[in-house]
Structures are given as C-alpha cells and as structure tokens.
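Start at 1 with the first residue, then count along the sequence. FYI, side chains are in, hydrogens and waters are out, and symmetry mates aren't considered; it's all heavy atoms of this structure.
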Amino acid sequence: SSRVTDRCLDMHIIAVGLSHKTAPVEIREKLAIPESRMGEALARLCSYQGVREGILLSTCNRVEVYAVVDEIESGYGRIQDFLADAHLSLSSEQLTPHLYWHEGDRAISHLFRVASSLDSMIVGESQILGQIKEAFEVALTHKATGIILNKVVKKAISVAKRVRTETKISEMAVSVSYAAVELAKKIFSDLSDKTVLLVGAGEMAKLAAKHFIANGVRHVRVTTRSPQHALELANRFDGTPVPFEEFREDMASADIVLVSTGAAHYLVSEDDVQRSVKQRMNRPMFLIDISVPRNIDPAVRHVDNAFLFDIDDLKTRVERNRGERLNEAEKAERMVVDEVGIVRQWLQSLEVTPTIVALRARVEDIKQAELDKTLGRLANLSTPERELVEAMASSIVNKLIHNTMMTLKAEVNSSEGTAFIEAARRFFNLGDPAASNVNDRASSASETCHSSQEDIQDVDAMTPRTRSKMPDR
C-alpha cells in the first residue's frame with residue numbers, strides 16, 4: 001500500500017538536496033545556481049533519462065531538486081550526477097555525505113515543510129516562501145514542470161499560506177534586533193511617525209535599524225564617536241548625523257533610543273532621560289541598551305514615561321518567543337500531515353483515471369463492433385428501430401461496467417487500490433498502463449501539463465508576490 005502513496009501512473013516524486021543542516025557553506029555555495037543560469041540548469045536536469053519533471057530551489061541555505069522520475073533509484077542517481085555536474089570540482093562521492101533523499105509522501109512533506117519555514121534556520125521566517133514561488137515561476141517559464149509538480153508546488157504554497165494564517169509561527173521575534181522592534185510596537189502601536197536615535201553602530205544596532213525602517217519608521221538619527229562613520233551610517237538609512245557630544249541634548253527629539261557602543265561605562269544617566277522626557281512633555285520614550293557592558297544607567301527605569309530594556313530583557317523575550325514558535329510549529333506540522341494526505345488522494349485518483357478511460361474505450365469498441373455486425377444483417381430496420389437497438393446495447397454495456405467503475409473510484413484511496421486497478425486491467429485486457437506517458441493520461445483528467453501564465457496567476461492569487469533575495473534562515 002505504501003507504493004500506492006508515492007507513485008502516480010508509474011511515476012515517482014522524489015526530492016534530493018542539501019541544506020544548512022547537512023552541508024557547510026563552502027559546499028552549499030559551490031552548488032548554488034545563479035538566476036542567470038537557472039533556465040540552462042532546468043533544461044539539463046530534464047534532459048536526464050527518466051526525469052519527467054523538475055524544479056530547482058537554490059538559496060544561501062539550501063539547494064534542492066524536486067522531480068518526477070520513472071524509477072526511484074536511478075532517479076536519485078541522475079539527480080546526484082546533475083548536482084555534481086553543476087560544479088566540476090565536486091564529485092558525486094564528495095556530495096553523498098551531505099545529501100538527503102526523499103520519495104513519495106516524504107518528498108511532498110519535505111517540500112511543504114520547507115515552504116512553511118519549518119525546515120528553516122529560523123522557524124517562521126518569511127523569505128523562503130517567496131523563493132519557492134520564484135523557483136516555480138522559472139520552472140513554468142522553461143516548461144520544466146508538468147501536471148504533478150504543478151499541483152504539488154501550488155499546494156505547497158497554499159499550505160504555507162494556511163500555516164501563516166492559522167498559526168502564530170511568524171509573529172514572535174526570535175532575534176534580539178527584531179525583539180526590540182516588537183517591544184517598540186507594543187509601546188507605540190504605530191511607528192510611522194516615530195524617530196529613532198542610534199547611539200553607536202554595532203551590528204545588532206544596524207540590523208535593528210533596518211527592522212525599524214521595515215516596520216514604518218521614517219526618521220533615523222545617528223551618532224558615533226567618529227563623525228565620518230556617523231555620516232556614512234546616516235546616509236545608509238537616509239537619516240541625519242548627530243555630533244556625539246550633542247546626542248544627550250538630541251535625545252528629546254527621539255521616540256526610540258537604541259544604544260550600542262563599546263564604552264565601558266554609562267553614557268546615558270537617569271538625569272539625561274528625566275530631562276529629555278520633560279522636554280517631550282511626558283510623551284513616552286523607549287530606550288534599548290544592547291551594549292555589554294551596559295551604557296544606560298539601570299536607574300532610568302525609575303523615570304516616568306521612560307521604558308528601558310537591556311540585552312538580557314531582549315534575550316528573555318526571544319527565548320520565550322522561540323518556545324511559543326515551537327508550539328505553533330507543532331500545529332503547522334499537523335497541518336502538513338493533513339495536506340500531504342490530500343495530495344496523496346489526488347495522486348491516487350490520477351492512477352485510476354486512465355484505467356477508467358481505457359475501460360470505457362474498451363467496452364465502447366466492443367459494443368460498436370457488435371452493433372456494426374448485427375445492424376449490417378438487419379438492413380431493413382427503420383431509423384427508430386436502429387436507434388432502439390443501439391440504445392439497448394449502450395444500456396447493457398453501462399449496466400455491466402457500472403459496478404466496476406464505482407468500485408474503482410471508491411477503492412482507489414484504500415490500501416488495496418493498486419490491486420483493484422490491476423485486476424480491472426487484467427479482467428478487461430486493458431494492457432499496461434505504463435505504455436502511454438503521464439501527460440497523455442493527465443489530459444484525460446482535464447489537466448494541462450505545461451501551462452505557464454495560468455499557473456503563475458494561480459500562485460499570485462495564493463500568496464503575495466515576494467522578490468526578496470534574503471536566504472531562508
């Protein structure tokens with residue numbers, strides 16, 4: 001029965017790849033496929049014997065091939081050769097320790113988990129969904145996919161959307177820099193008219209500034225001990241440089257003050273903040289100290305309308321959020337299992353379709369041959385009489401195969417589905433279902449194998465267009 005779940009018309013869905021979990025960056029970067037070469041790579045992938053459909057996912061943290069192949073083992077080997085051929089300095093033997101291999105339900109489940117960011121370095125990140133959508137569009141453009149991968153990848157995108165809609169997996173910050181933004185949004189519900197003052201230019205401060213801007217902050221002021229550095233950083237954020245010796249007086253203009261310097265002592269005192277809040281007419285001020293050692297006097301917590309958080313406060317929040325994300329991830333994993341089952345049923349329904357079509361064609365041929373023979377001997381029949389004979393023949397045929405048709409449709413998703421299909425083909429002498437290719441059979445199921453623009457529009461309707469080049473993390 002497991003064979004039924006991972007094959008469709010003698011075709012197999014497989015996934016072969018590596019990620020941040022299995023390969024160091026020096027291996028991943030060698031296999032990375034630039035956008036300019038993606039079309040050529042897809043053409044090469046589909047040129048391998050037995051590879052019917054393919055899609056390539058290449059990000060900073062993973063390189064994966066999803067394919068529909070004639071045979072599982074030979075398919076694995078050809079895709080491994082394809083990956084090795086992408087970089088001549090790597091042999092298949094060097095790649096093997098870093099690769100993972102999935103077939104059938106496991107391949108589909110892996111794709112769904114990747115799209116939902118359950119396999120990302122940071123569970124719940126959003127970039128990977130846009131990258132999958134982009135990879136799918138490229139595969140459609142180069143006609144590398146067909147009915148099976150079109151269906152499965154579109155389903156992966158809709159599963160990811162469902163996970164984001166029905167869980168809170170992407171809502172809780174799991175980085176210190178973004179936790180600062182999350183806290184600021186709790187104090188100021190709208191950041192669009194707020195001003196951020198960066199004191200110092202540590203990496204976390206720069207990243208936090210990017211997050212603040214991405215969340216609506218329009219005004220950034222920057223001060224460092226080096227005026228030139230402050231000017232360069234201000235230009236990067238389209239902000240304003242502030243002389244370091246004047247930043248304490250400038251704090252009153254800032255709603256959010258983020259301090260990140262290498263100073264070994266407090267740069268901001270309780271009095272400095274008290275004075276700034278007074279100048280602000282008691283409007284709230286949010287202060288974030290991500291320096292170690294701390295640069296803002298903890299006594300600032302006693303100032304009314306001043307909200308101070310240090311690096312430990314942020315890390316505590318991150319850890320709590322990480323635990324909540326893992327709880328949400330468990331919900332998402334259950335959704336993936338459910339959705340894989342839906343795709344499995346669709347694949348199994350594809351398996352029975354050509355048998356039903358062949359059975360109908362077989363009995364129609366027999367009926368027509370017998371009608372032609374009989375009516376040829378009854379030349380004196382009137383047109384109405386001939387129609388009655390034809391109707392009787394059709395009725396007999398339909399009644400004879402009705403139960404067979406209903407049983408095939410009912411049993412296709414059972415553990416014995418394959419046995420019923422094979423029995424029907426033998427009883428009615430329908431021949432080998434592998435004799436015709438998957439796309440011919442798919443057309444009988446009213447599907448299009450290599451549609452492109454229509455599929456892209458379908459995906460656009462499911463998820464916002466994302467062109468981010470950031471890696472899945």
Side-chain angles (χ1 to χ4, degrees), residues 2 5-6 12-23 28 31 53-68 72 76 79 83 98-136 139 145 148-172 174 321-347 459 462-463 466 468 470-473:
S2 62
T5 66
D6 64 3
H12 306 268
I13 300 174
I14 64 173
V16 181
L18 49 75
S19 72
H20 59 280
K21 294 182 177 181
T22 66
R28 301 198 307 272
L31 290 184
E53 304 179 32
I55 185 170
L56 303 176
L57 179 61
S58 178
T59 76
C60 292
N61 280 334
R62 69 180 66 248
V63 177
E64 296 178 334
V65 177
Y66 297 90
V68 175
I72 294 171
Y76 282 158
I79 290 176
L83 290 171
H98 304 290
L99 292 175
Y100 40 79
W101 326 73
H102 303 303
E103 62 169 294
D105 281 7
R106 288 184 60 194
I108 297 168
S109 176
H110 181 74
L111 175 59
F112 287 6
R113 294 185 73 255
V114 170
S116 302
S117 82
L118 294 172
D119 196 59
S120 294
M121 191 176 291
I122 296 180
V123 173
E125 59 88 12
S126 59
Q127 287 80 21
I128 186 61
L129 179 56
Q131 291 166 329
I132 286 179
K133 177 184 171 184
E134 207 167 295
F136 184 39
T145 59
I148 298 175
L149 284 187
N150 285 352
K151 179 78 171 185
V152 171
V153 178
K154 285 196 286 185
K155 188 65 170 176
I157 294 170
S158 69
V159 169
K161 181 181 177 183
R162 181 188 169 199
V163 166
R164 296 193 179 283
T165 301
E166 299 181 23
T167 75
K168 298 178 180 178
I169 195 170
S170 59
E171 292 182 11
M172 291 84 67
V174 288
N321 286 352
R322 185 172 283 117
E324 291 181 14
R325 273 203 182 190
L326 291 177
N327 289 336
E328 294 299 302
E330 289 181 8
K331 298 179 188 176
E333 295 282 9
R334 291 193 289 272
M335 291 180 189
V336 166
V337 171
D338 292 343
E339 298 285 359
V340 169
I342 292 171
V343 173
R344 181 195 308 122
Q345 289 186 2
W346 176 79
L347 289 171
V459 176
M462 282 187 268
T463 183
T466 304
S468 170
M470 293 176 65
D472 64 302
R473 294 171 289 177

CD1 (Ile79) and CG (Leu99) are apart, to the nearest 0.5 Å, by 10.5 Å

TODO: For the pair Ser109 (side chain) and Asp105 (backbone), establish whether a donor and an acceptor sit closer than 3.5 Å, ignoring hydrogens and angles.
DONE: no

Between Ala67 and Leu149 the two heavy atoms that sit nearest each other are CA-CD1, 4.2 Å

Under 3.5 Å, sequence neighbours excluded: what are the donor-acceptor pairs made by side chains of residues 331-339?
residue, atom, partner, partner atom, Å
Lys331, NZ, Glu328, OE2, 3.1
Glu333, OE1, Arg113, NE, 3.0
Glu333, OE2, Arg113, NE, 3.0
Glu333, OE2, Arg113, NH2, 2.8
Glu339, OE1, Lys155, NZ, 2.9
Glu339, OE2, Arg162, NH1, 3.0

Worksheet entry | Side-chain touch Ile14/Trp101, heavy atoms, less than 4.5 angstrom | no

- Task: Indicate yes or no for a side-chain donor-acceptor contact from Thr165 to the backbone of Lys161 under 3.5 Å, with no hydrogens or angles considered.
- Result: yes

Phe136 and Ile55 have their tightest heavy-atom pair at CA-CD1, 3.5 Å

Nearest heavy-atom contact between Ala156 and Ala115 is O-CB, 3.7 Å

- Message: I want to check something: taking the side chain as every heavy atom from C-beta on, are Ile157 and Leu129 in contact at a cut-off of under 4.5 Å?
- Response: yes

Heavy-atom closest pair (Ser116 atom, Ile169 atom, distance to 0.1 Å) is O-CD1, 4.5 Å

The reported gap from CG in Leu31 to NE2 in His98 (rounded to nearest 0.5 angstrom) is 9.5 Å

Here the gap from His20 atom NE2 to Thr59 atom OG1, rounded to the nearest 0.5 Å, amounts to 9.0 Å

Closest heavy-atom pair, Ser120 versus Ile128, reported as atoms and distance to 0.1 Å, is OG-CG2, 4.0 Å

Discussion item. What I'd like to find out is whether the side chain of Asn61 reaches to under 4.5 Å of the side chain of Ser19, using heavy atoms alone.
Written reply: no

Quiz item: Can you check whether Leu57 reaches Val114 side chain to side chain, under 4.5 Å on heavy atoms?
Solution: yes

If we only count heavy atoms from C-beta on, is the Arg62 to Arg28 side-chain gap below 4.5 Å? no

- So do Ile108 and Leu347 actually touch side chain to side chain, heavy atoms under 4.5 Å? yes

dist Cys60:SG -> Met121:CE (nearest 0.5 Å) comes out at 10.0 Å

Checklist entry - Got Leu118 and Val163 here, is their nearest side-chain heavy-atom distance under 4.5 Å? => result no

Contacts of Ala15 meeting side chain to side chain contact (heavy atoms under 4.5 Å, CB included) (sequence neighbours excluded), chain-then-number -> Tyr66, His102, Ala107

